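Note: hydrogens, waters and symmetry copies are ignored here, and every other heavy atom, side chains too, is used. We're numbering straight along the sequence, starting at 1. All figures in this text were calculated on a predicted structure; none of them were measured in a lab.
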Amino acid sequence: MPWSIADVCRMSGVTSRTLRHYDRIGLLPPAGIAGNGHRLYGEAELLRLQQILLMRELGLGLREIRAVLDSQADRVAVLREHRRRLLGERDRLETLARTVGRTIAALEEGRKNDAMVKINRPENLFAGFEGSQEALAETGAALDAEVRERWPEAWEESRGARAAMTDEETEGWQRETTAQMIRFAEFMAAGKPVDHPAVQAELDIHYASIRRFWTPDAAAYKGLGQTYVDDPRFRENFDRIAEGLAVYQRDAMVVYADTLLS
């Protein structure tokens, strides 16, 4: 039976905007078009979407994914490789969950005692991140696949900037990215509106970190914020810190762009 685009969005968690984009670039054409003009998807398209999402999870860009899917490679062999790599991530993600749990406990203890949190072992804040440099980079800025797909000139600019970074600089940037996500989560938990001066001051730092690699205008900066929400990889990384964080930061970025970049 064919499924409507609404059905596919509901089942997969992918937005209709993303599905339409995949259709436009030839990555996931629908099986057909209904009489009302809506896209229809069959089992083959659902299987292809699953593989697209798996490869996105593993950090591949859309062009690379299309090349793999169009190569007529053994689908079972490809899925086995995906499974092997996903299982390899399991321990890292479990460690990451424990890291966030420790941070939450420390923050709650500090709030209870009306005191600043004392960090006895700062390295514990970053346990679970070391083995996945690419996953961390995804949460800080769309510097690879998304920028390359949506803003190719910016991607060329960012590629040169990244190539000039030392390993130590890259690690420091990744850690600051994670720390900033936690600061935004704290603003959200405290009930600060997205236009609050403290939130917007944090956006100054965020925008400056993006400008280290490329300089988005108002539309591109808003688009980056929307990517945090629409792209399952980004949203999962944000919401792993705090449920709703991706939407909160997106909304804050819209205010910043309208106020300072327009």
Side-chain angles (χ1 to χ4, degrees), residues 1-32 38-94 96-97 128 131-151 155 223-241 243-247 249-250:
M1 61 168 290
W3 289 274
S4 69
I5 191 169
D7 292 331
V8 176
C9 292
R10 175 180 52 79
M11 291 186 290
S12 68
V14 175
T15 65
S16 59
R17 175 182 174 184
T18 297
L19 290 175
R20 289 192 293 270
H21 177 61
Y22 288 173
D23 182 14
R24 282 195 300 271
I25 65 175
L27 180 61
L28 184 65
H38 291 178
R39 293 168 172 82
L40 296 174
Y41 297 84
E43 290 185 0
E45 287 72 37
L46 295 186
L47 287 170
R48 187 175 175 95
L49 177 59
Q50 183 203 51
Q51 292 183 64
I52 291 169
L53 297 179
L54 284 169
M55 285 186 271
R56 293 284 277 168
E57 287 286 342
L58 297 172
L60 274 69
L62 297 181
R63 288 193 180 92
E64 290 86 351
I65 292 172
R66 182 176 178 183
V68 171
L69 294 177
D70 292 346
S71 68
Q72 302 300 317
D74 184 337
R75 297 291 177 87
V76 174
V78 170
L79 286 172
R80 283 190 178 128
E81 176 61 16
H82 291 338
R83 183 176 184 273
R84 184 190 67 80
R85 294 178 64 181
L86 290 169
L87 289 175
E89 281 284 276
R90 182 173 55 191
D91 289 344
R92 186 191 70 81
L93 292 175
E94 289 177 350
L96 189 59
S132 184
Q133 176 174 317
E134 185 173 354
L136 267 180
E138 288 174 1
T139 64
L143 295 178
D144 195 2
E146 290 298 326
V147 171
R148 179 167 49 182
E149 294 294 337
R150 300 181 62 180
W151 305 289
W155 181 75
L224 178 59
Q226 190 62 46
T227 298
Y228 290 162
V229 174
D230 288 345
D231 189 301
R233 298 171 305 161
F234 285 77
R235 185 161 188 152
E236 181 181 2
N237 284 327
F238 277 92
D239 288 355
R240 189 180 292 132
I241 300 293
E243 187 71 27
L245 180 58
V247 171
Q249 184 159 337
R250 185 272 315 273

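Distance check: Tyr41 OH to Ser12 OG gives 9.5 Å after rounding to the nearest 0.5 Å. Separation of atoms CG (Asp231) and CZ (Phe238) is listed at 10.5 Å; rounding is to 0.5 Å. Going from atom CZ of Arg250 over to atom OG1 of Thr227 covers 11.0 Å, rounded to the nearest 0.5 Å. Expressed to the nearest 0.5 Å, how far CD of Glu45 lies from CG of Leu40 amounts to 10.0 Å. Here the CG atom belonging to Leu53 is positioned 8.5 Å from the CZ atom belonging to Arg56, to the nearest 0.5 angstrom. The line from CD of Gln51 to CG of Leu46 is 12.0 Å long, rounded to the nearest 0.5 Å.
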Evaluate Leu245 against Tyr228 for side-chain contact (heavy atoms from CB on, under 4.5 Å), listing each step before the verdict.
CA-CA 9 Å; Leu245 180 58; Tyr228 290 162; over 6 Å; no
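One finds no salt bridge joining Arg235 and Asp230 here, because no Lys/Arg side-chain nitrogen approaches an Asp/Glu carboxylate oxygen to under 4.0 Å.
Pro30 has its side chain within reach of Asp23: a pair of non-hydrogen atoms, C-beta onward, lies under 4.5 Å apart. Side-chain contact check for Arg39 versus Val8: every heavy-atom pair is 4.5 Å or farther apart. Leu19 places a side-chain heavy atom less than 4.5 Å from the side chain of Leu28. Gln50 places a side-chain heavy atom less than 4.5 Å from the side chain of Leu54. Taking 4.5 Å as the limit, every side-chain heavy atom of Arg17 sits out of range of all side-chain heavy atoms of His21.
A pairwise comparison of heavy atoms in Gly42 and Ala31 identifies N-CB, 3.9 Å as the closest pair.
In this structure Arg10 satisfies the side-chain contact (heavy atoms from CB on, under 4.5 Å) test together with Asp7, sequence neighbours excluded.
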